[in-house]
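Take a look at the structure below.
Naming: A, B, ... by sequence-line order, numbering from 1 per chain.
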2 protein chains.
Amino acid sequence: MFIILVYDVGEKRVAKVLKICRKYLTWVQNSVLEGEISAANFKKLKLELKRVIDEDEDSVIFYILRTTKYSERQSMGIKKGGDELFI
Amino acid sequence: MFIILVYDVGEKRVAKVLKICRKYLTWVQNSVLEGEISAANFKKLKLELKRVIDEDEDSVIFYILRTTKYSERQSMGIKKGGDELFI
């Protein structure tokens, strides 16, 4: 599956959250990562994040695409993140 | 179509960008919006954003899903944005 992860977490936890996410996904913009991930790794990613975030203050959203066949990615302006995996 | 929009723009332009995006989409997290949009409105949205952003400094990414049939949205922590449209 392909996931798009967006996070909005307290400043103190940003570095930790980003570090965890980058183990599994590609960073594409400020607080956005994306990438192919196995169900097992997705589970691990969520567990690791759960340990670090403050569930009363932080927010992490996962968009899970079973296939990218019906999806497309467009961008405007500069490229801030890493490699483009999506299309 | 359904789009997920993530932006990372200079502080001076955040309010303007958010205002434009909210005309067409639902705000779900800090710099993330999502929603069903017609092709015509998507074109308008991109034109309006193009006028406001600094293409040498800012970044806007659009994930375009022709269908949400193969997609799912999960979240962790608090809900920061508006209504949930996705699933």
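Contact detail for A:E57 and B:I78: the closest heavy-atom pair is O-CD1, 3.3 Å. Pairing each heavy atom of B:R66 with each of A:K69, the nearest pair is NH2-O, 3.2 Å. Of all heavy-atom pairs spanning B:V28 and A:I61, the tightest one is O-CD1, 3.9 Å. B:E55 and A:M76 make their closest contact through OE1-CG, 4.5 Å (heavy atoms, listed as atom of the first residue, atom of the second, distance).
Proximity to chain A among residues 39-48 of chain B is limited to B:F42, B:K46, judged by heavy-atom separations below 4.5 angstrom.
Taken from OG in A:S31 to CG in B:N30, the straight-line distance is 6.0 Å, to the nearest 0.5 Å. With rounding to the nearest 0.5 angstrom, the OG atom of A:S75 is 11.0 Å from the CG atom of B:L5.
No single ILVMFWY cluster, assembled from side-chain heavy atoms under 4.5 Å apart, contains both A:F2 and A:Y70.
In this structure, the portion of A:V32 lying under 4.5 Å from any heavy atom of chain B is its side chain and not its backbone. Contacts between A:I53 and chain B at a heavy-atom distance below 4.5 Å involve the side chain alone, from C-beta outward.
Of the possible polar contacts, none joining the B:E72 side chain to the A:L65 backbone as a donor-acceptor pair under 3.5 Å is found. For the pair B:Q74 (side chain) and A:Y63 (backbone), a donor-acceptor distance under 3.5 Å is absent.
Counting heavy-atom pairs closer than 4.5 Å to chain B, the top-ranked of the candidates A:T67, A:L49, A:V60 is A:V60. Heavy-atom pairs under 4.5 Å with chain B were tallied for A:I3, A:V6, A:D54; the largest tally goes to A:V6.
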